[in-house]
2 protein chains.
Amino acid sequence: MNFFSSSFKLGILGGGQLGKMLLYETRKWDIRTKVMDASTDAPCRIACNEFIQGNLLDFDAVYNFGKDVDVLTIEIENVNVDALEKLEHEGVKVYPPTKTLRTIQNKATQKLFYTDNDIPTSPFTRFAYTSEIEDSISNGGLRYPFVWKSAQFGYDGQGVKIIRKLADLDELPNVECIAEEMINFKNELAVIVVRNTVGKVKTYPVVEMEFHPEANQVEYVICPARIEEAVAKKATEVALRVSEKLEHVGLLAVELFQTKDDEILVNEVAPRPHNSGHYSIEASYTNQFEQHIRAILGLPLGKTKSKVAGIMVNLVGAEGHMGDVVYENIDAILEMDGVTPHIYGKKQTRPFRKMGHVTIVDEDMGKARAIAQKVKETIKVISK
Amino acid sequence: MNFFSSSFKLGILGGGQLGKMLLYETRKWDIRTKVMDASTDAPCRIACNEFIQGNLLDFDAVYNFGKDVDVLTIEIENVNVDALEKLEHEGVKVYPPTKTLRTIQNKATQKLFYTDNDIPTSPFTRFAYTSEIEDSISNGGLRYPFVWKSAQFGYDGQGVKIIRKLADLDELPNVECIAEEMINFKNELAVIVVRNTVGKVKTYPVVEMEFHPEANQVEYVICPARIEEAVAKKATEVALRVSEKLEHVGLLAVELFQTKDDEILVNEVAPRPHNSGHYSIEASYTNQFEQHIRAILGLPLGKTKSKVAGIMVNLVGAEGHMGDVVYENIDAILEMDGVTPHIYGKKQTRPFRKMGHVTIVDEDMGKARAIAQKVKETIKVISK
């Protein structure tokens, strides 16, 4: 297959900010692209060769979209896998493979997959319905606090709740779910593994999420993680095992806990470019988006090392602001050394909505970290 | 002016590969763009918000295109400056300013500008018509060899010829031109200067063109140039003087000769992102395209330092090949460390046509140079 020819076509399901960043790379290599998204305003609408408006969860929409592409990938997991399976049988190359996607899409299945394959993860119980949890608590089968996660459609922090008392269960949907033991972790880490169509594998350096000391919210994604060599090695090995057992193709972001005892537990995975790899655009020899494309097209994988230290800060809507977005003080952060804002192009802000991210790079990690803090204190995503 | 709002519009005249790379950056910041190019197949057609097909040299086409944009820039100098001047008077911000563009567009005017402003350049004579040159030779006013350059439309090596004997003049067009003394240079260097709308200025490191030992053709653009500190300092000072005297806004690529006596002479300038700055996408803290946008929008300028050593190799059509393009051995170069090909998306190759470029980056310049040579020996732009 000649990917650089005009007869080749790459399909992407989902036209959001991840797809948009993926499209930069297809432009670099002049690869023809076709994108489907539910919104006619999707950020990917421009920069792809063909845009189709359609529901990613609808069998016919996905099937019809995929029929004339050579390789099909995703920027979001919540897509109709039955349609992908049919396309796969008909010869379309679907990456991540539908088998992988099925395992990941349902959080209960994902957890069972870890335990079946001796991959360390936090203890959990699966429930067919949320309403069954109360019994389990009264029987002593479950102790507070624990983490409730909806098995389906748990994208990006939705469908997750910490349960500290019975009443916390009250407003949850009555769906298939898991209850996970809450891990008292020392660090939250992530490892991006990339595996191409012929089974070649590389890993990116371990990254670390730094939390706000009070708000218990991730503030910085830091590459490389400031952890001991032995812990980094263990984290990388666990991530490689997940990728191998999933027979994954493309990028796989593996989110991990480092416990107080330096155990490594898999939290969850994303089979696509991921927030924890955004730093790579500015810091790595090969950014995660180019790497994903190399992998799914069966091209040789690029160097995963970093040129410089990288820190990523998410740009989220400020509390108390809703409406037409304004990036207050963006000039001031552009004045700082090695600072690159990425604006996703959503016209409306609301509290905590992901509106973009900022990367800070420097030869010196300490300096990058100091600048990142200044960035965080300076820029505000507000409404007009 | 809020550049990140949907009411702002950036116009770009020219929709070729430079415009395409400029558009990546506008997408990063979600800046609305409108592009005009003569070709309906222009690489910029996708990735801009609005595309207009039109002749860049036509007054009405340029004027009508520019009327509803806030800031107007170029990716090629050969545009109708009269129309830009009218737009400028009507309040459109045109960068580079039309005054600068007029000085640069005509090579005779450009040379006179250097001598008027004590900027070192090679000795030259201006002729209203090529036919006048013969007289000057018989009078002893001009000695072989010299370089003939058409005053108008000398983009990218067209309109330039080395004259070694009278017969070499034969097939030249009878137009306004200059005859330049041929410089016996030690190095060809370039310095990119960036100046924003409020007069803030930064320079990129000096780059060096390495020539093929026999073919007398640039093979590698190398950053930083492997020259003495004092020479780099002098080159930077000369480039800064050119930018200051031109009152330029945006990127200005200043091409220079380092003579055998370490004199620095200005060869010519380009008031836009330039081939000599392509390495910056992978090597610099702020690439030249983002930097140009920062400058013309009046934003703070980014850090111009490099993260790592960078080398750029142009991908040109191989001799003896014409027709549908094939990038032979592109897989093999993707296997090499720190190698990024950029494919411009022209469907047809012909001998020496610029089809793309490849950047090689590494912490170690020696290693980057060795890989660059392997790249050059491996990839071939051929026809089917």
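By convention in this document, chain letters (A, B, ...) are assigned in the order of the sequence lines, proteins followed by strands, and residues within each chain are numbered from 1.
- Between chain A and the residues B/E290, B/E282, B/M336, B/K307, the most heavy-atom pairs under 4.5 angstrom are made by B/K307.
- In this structure, no portion of A/L23 lies under 4.5 Å from any heavy atom of chain B.
- Although no hydrogens or angles enter the test, the distance criterion places a donor-acceptor pair under 3.5 Å between the side chain of A/R27 and the main chain of B/P43.
- For the set A/H342, A/R45, A/K384, the count of heavy-atom pairs under 4.5 angstrom toward chain B peaks at A/H342.
- In this structure, the portions of A/V361 lying under 4.5 Å from any heavy atom of chain B include both its backbone and its side chain.
- Looking at every heavy atom in both residues, B/G338 comes nearest to A/K303 through N-CD, 4.1 Å.
- Of the residues considered (A/T286, A/D362, A/L301), A/D362 shows the highest number of contacts with chain B, using heavy-atom pairs under 4.5 Å.
- The candidate with the highest count of non-hydrogen atom pairs below 4.5 Å against chain B, out of A/K347, A/M21, A/R294, is A/R294.
- With contacts defined as side-chain heavy-atom distances shorter than 4.5 Å, the pair A/E363/B/K305 qualifies.
- At a 4.5 Å heavy-atom cutoff, the contact between A/Y327 and chain B is made by side-chain atoms alone.
- Within 6.0 Å of atom CZ in A/R350, 12 or fewer heavy atoms from other residues, nucleotides or ligands are found, so the atom counts as exposed in its surroundings.
- Heavy atoms closer than 4.5 Å to chain B are found nowhere in A/N287, neither backbone nor side chain.
- Residue B/D30 holds its CG atom at 7.5 Å from CD1 of A/I46, rounded to the nearest 0.5 Å.
- Within 6.0 Å of the CG atom in B/D68, the count of heavy atoms belonging to other residues, nucleotides or ligands exceeds 12.
- Residue A/D324 does not touch chain B at all, counting heavy-atom pairs closer than 4.5 Å.
- Between the OH atom in B/Y285 and the OG1 atom in A/T340 there is a gap of 10.5 Å [rounded to 0.5 Å].
- Ranking B/G298, B/P341, B/A47, B/A283 against chain A, the residue ahead of the rest is B/P341, based on heavy-atom pairs under 4.5 Å.
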